[in-house]
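Data first, discussion second: the structure below is written as structure tokens.
If you read the sequence from its start, that first residue is 1, and numbering goes on from there. Computed from a predicted model, the values in this text were never measured in an experiment.
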Amino acid sequence: PPEIVEHSEPLQVVRYDQGGHYHAHMDSGPVFPETACSHTKLVANESAAFETSCRYVTVLFYLNNVTGGGETVFPIADNRTYEEMSLIQNDIDLRDTRKNCDKGNLRVKPQQGTAVFWYNYLSDGEGWVGELDDFALHGGCLVTQGTKWIANNWINVDPNRRRQQQFQQEMERFAGSEAG
């Protein structure tokens, strides 16, 4: 729903100069019973041993064409036989975007005015947030020439439906009080 997008994190703009990169990573963390989502924790008034961002969806906008390098790489995308140990083989670390972007399964070249969209979690089978999707591992390849400008939009959803609904209600109440 639009409300989830509107009440998620603000757009983040990032600039990578020549030599800039971002090693392969996940945009969100795993959610366990002892984990709370950053965006709903205060509203739910719950304490938790661990806290994570609960970024259900990532939208990455390319704001310019890059002269050289700067691809977004998904090292293990579409690899149905992936095992975590396969990230490092024969001294090749697929998470190292300075050296090994060419070995990633999927690379997206920055093209001004385009975007890449992906889910960071799998579905729980009932239309809600499930487990972290290992295949969402991604990074920014080394910019070899020029500058790379991107914008990230993270859409936050709590895997706990009750907490997410409570958060949405509080945000609607807040928006209504600001309008009045």
Side-chain angles (χ1 to χ4, degrees), residues 1-31 35 37-40 51-123 129-159:
E3 297 80 23
I4 287 180
V5 176
E6 291 167 9
H7 297 303
S8 288
E9 295 176 61
L11 201 63
Q12 177 192 47
V13 176
V14 181
R15 172 183 161 172
Y16 295 90
D17 290 322
Q18 188 169 328
H21 67 282
Y22 206 108
H23 286 308
H25 62 283
M26 303 297 281
D27 279 348
S28 197
V31 179
T35 306
C37 295
S38 304
H39 75 286
T40 58
E51 190 175 320
T52 193
S53 56
C54 298
R55 293 171 170 162
Y56 185 48
V57 174
T58 297
V59 185
L60 177 83
F61 300 93
Y62 296 109
L63 304 179
N64 72 320
N65 295 318
V66 180
T67 311
E71 299 92 343
T72 301
V73 65
F74 293 83
I76 57 172
D78 206 28
N79 182 350
R80 296 298 168 227
T81 60
Y82 158 75
E83 292 179 13
E84 192 167 358
M85 295 305 293
S86 68
L87 284 171
I88 304 173
Q89 290 185 359
N90 303 323
D91 293 327
I92 296 173
D93 185 346
L94 293 177
R95 298 167 299 183
D96 185 343
T97 59
R98 288 176 307 192
K99 299 178 184 175
N100 300 314
C101 270
D102 60 327
K103 295 171 181 59
N105 284 359
L106 173 64
R107 287 184 311 280
V108 180
K109 183 171 175 53
Q111 184 176 354
Q112 184 175 355
T114 64
V116 182
F117 170 104
W118 67 88
Y119 291 93
N120 295 301
Y121 294 91
L122 300 169
S123 170
V129 182
E131 295 178 17
L132 197 63
D133 185 354
D134 292 331
F135 298 106
L137 181 74
H138 67 284
C141 296
L142 185 72
V143 175
T144 58
Q145 193 173 27
T147 302
K148 173 183 175 182
W149 285 91
I150 61 169
N152 294 304
N153 187 208
W154 290 295
I155 300 169
N156 301 319
V157 178
D158 194 314

Could you check if a side-chain atom of [X] sits within less than 4.5 angstrom of a side-chain atom of [Y], using non-hydrogen atoms only?
X    : Y    : value
H21  : V73  : no
Y62  : V108 : yes
T58  : F117 : no
T35  : E51  : no
V116 : F74  : yes

- Message: Which residue in the set V14, V66, N64 passes side-chain contact (heavy atoms from CB on, under 4.5 Å) when paired with W149?
- Response: N64
- Determine, using ring centers only, whether H25 and H23 are less than 6.0 Å apart.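 No, ring centres 6.0 Å or more apart.
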Which atom names give the shortest non-hydrogen contact between [X] and [Y], and what distance separates them?
X    : Y    : answer
T97  : A24  : CG2-N, 3.7 Å
Y121 : R55  : CE1-O, 3.6 Å
A115 : V59  : CB-CG1, 4.2 Å
I76  : F135 : O-CD2, 3.1 Å
N156 : S8   : N-OG, 2.9 Å
L142 : G19  : CD1-O, 3.2 Å

- Before giving the answer on side chain to side chain contact (heavy atoms under 4.5 Å, CB included), spell out for T144 and Q18 the whole-Å C-alpha distance, their side-chain angles and the decisive distance to 0.1 Å. CA-CA 6 Å; T144 58; Q18 188 169 328; 5.8 Å; no
- Give, for atom SG of C54 and atom CG of D27, the distance between the pair rounded to the nearest 0.5 Å.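 Here the interatomic distance stands at 12.5 Å.
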- Interatomic distance, L60 atom CG to N152 atom CG [nearest 0.5 angstrom]: 5.0 Å
- Set of side-chain hydrogen bond (donor to acceptor under 3.5 Å, both in side chains) partners for R107, sequence neighbours left out: none
Main-chain N/O of [Y] paired with [X] side-chain donor or acceptor, under 3.5 Å:
X    : Y    : answer
T67  : G146 : no
N153 : L11  : no
S38  : T52  : yes

- Item | No-hydrogen, no-angle side-chain donor-acceptor test under 3.5 Å, N120 and W118 |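 A pair is found: one side chain offers a donor N or O, the other an acceptor, under 3.5 Å apart.
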- Around E3, counting heavy atoms of other residues, nucleotides and ligands shown, do more than 12 lie under 6.0 Å from its CD?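 Above 12, so yes.
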- Message: For K103, I'd like to know if atom NZ has over 12 heavy atoms of other residues, nucleotides or ligands within 6.0 Å.
- Response: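 It does: K103 NZ has more than 12 such atoms within range.
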- Query: Run the side chain to side chain contact (heavy atoms under 4.5 Å, CB included) check on K148 and T72 step by step: do they pass?
  - Reply: CA-CA 11 Å; K148 173 183 175 182; T72 301; 4.1 Å; yes
